[in-house]
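What follows is a set of notes on a single structure, which appears directly below.
What's counted below: heavy atoms across the whole structure, side chains too, no hydrogens, waters or symmetry copies. Keep in mind the model is a prediction, meaning the values are calculated, not measured. So that the names make sense, note that chain A is the first sequence line, chain B the second, and so on, each numbered from 1.
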Number of protein chains: 2
Amino acid sequence: MVTDLDDGTFDFCETLTDAQDALAREMLERASAKWPLRVMHILAKAKGPLRFSRVLERVEGISQKVLTQTLRTLESDGLVTRTLYPQVPPRVEYELTPLGGELLVEVVALWQWIANRLPDFEAARAQSPRATDAAKR
Amino acid sequence: MVTDLDDGTFDFCETLTDAQDALAREMLERASAKWPLRVMHILAKAKGPLRFSRVLERVEGISQKVLTQTLRTLESDGLVTRTLYPQVPPRVEYELTPLGGELLVEVVALWQWIANRLPDFEAARAQSPRATDAAKR
DNA sequence: CTGAATCCCACCTGATACTG
DNA sequence: CAGTATCAGGTGGGATTCAG
């Protein structure tokens, strides 16, 4: 028995076109993904533009290639701005857009909710590394 | 410039151990992923137990293998219960747990937020299929 | 400094076939 | 009915090298 959910709580998506629904799902998945989330997080904490190298340093474990890909995607989704200063050596700065900042706030809210329930998830995992056959008798 | 964020808004994660942080990120990513989200959505709308075949029918485009995997993962995360009735032919029912229902509500909230901003995302994509070189002069 | 280009591999996905 | 087994294909991501 699910918690007391209103009818229609989960029907909103049916008011979207297939294309819109797909786009919304895609954005949801991207914003929750490992690297984009970490990168947005770093940019948010910086509270201002950050050079490529700085981001690379601060996002632990990311490779330069993946960081480039991630930033490009974030840029084309309007979550991050990329500003190129045509100098030599080149300088490029990335900054979270207002839209990106707002999205991050929302994602972090969900993250926090999950973090608060961590004991539940840890418990579930602990007791079911092999939780087959629930109804044995 | 990011929207007006408090200092510390994004620092909560630093109060977690690495393992906890990793688990929270993992759950976030899973709950937002394509198939788990769709499956939870179907189970929520069903408002009760659903047999494997029913889920398979209702989650459009999923293969039975992936559905099995998805359900197993959801089960081991405590989001779904699996009840086997040892009959012949076998009958297995899946149902969203309270925890799963709550998590789904949170994810859907984020999803809705994104859906409301779809025009922004569509606009961003439209103007930057090749949005290189922002600062040209 | 900021990438682009290559190579490469592990993993995941999905289709198909088989089974208790 | 509800899976498991197997295999092929695509994808993500790391390491390395080259370039403007």
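- Taking CZ of B:R58 as the start and CZ of B:R38 as the end, the distance is 14.5 Å to the nearest 0.5 Å.
- Using a 4.0 Å heavy-atom cutoff across all strands shown, B:G61 reaches no nucleic acid atom at all.
- One atom, CD of A:Q69, and another, C1' of C:dA5, lie 12 Å apart when rounded to the nearest Å.
- Here the P atom of nucleotide C:dC12 and the CD1 atom of B:I62 are 15 Å apart, to the nearest Å.
- In this structure, B:Y85 places its OH atom 20 Å from C1' of C:dG20, rounding to the nearest Å.
- Between A:F52 and A:Y94, the angle of the ring planes lies from 30° to 60°, which puts this pair in the tilted group.
- For B:P89, taking side-chain heavy atoms from C-beta onward, the closest of the listed nucleotides C:dT13, C:dC1, D:dC1 is D:dC1.
- Using a cut-off of 4.0 Å between Lys/Arg side-chain N and Asp/Glu carboxylate O, A:R125 and B:E26 are scored as salt-bridged.
- Nearest nucleotide to the side chain of A:W35, out of D:dC1, D:dG13, C:dT13: D:dG13.
- The side chain of B:R72 sits closest to D:dG3 out of D:dG3, C:dT6, D:dC1.
- If you measure from atom NZ of A:K65 to atom P of D:dG13, you get 9 Å, rounded to the nearest angstrom.
- For the pair A:V59/A:T70, no side-chain contact is recorded, criterion being any heavy-atom separation below 4.5 Å from C-beta on.
- Each of C:dG3, C:dG20, D:dG14 was ranked by its minimum atom distance to the side chain of B:P90; first place goes to C:dG20.
- In the set D:dG13, D:dA2, D:dT4, D:dT4 carries the atom at the smallest distance from any side-chain atom of B:T68.
- One finds no side-chain N or O of B:Y94 lying less than 4.0 angstrom from the OP1 or OP2 phosphate oxygen of D:dC1.
- Between the side chain of B:Q64 and the base of D:dT4, at least one donor-acceptor pair of N or O atoms lies under 3.5 Å.
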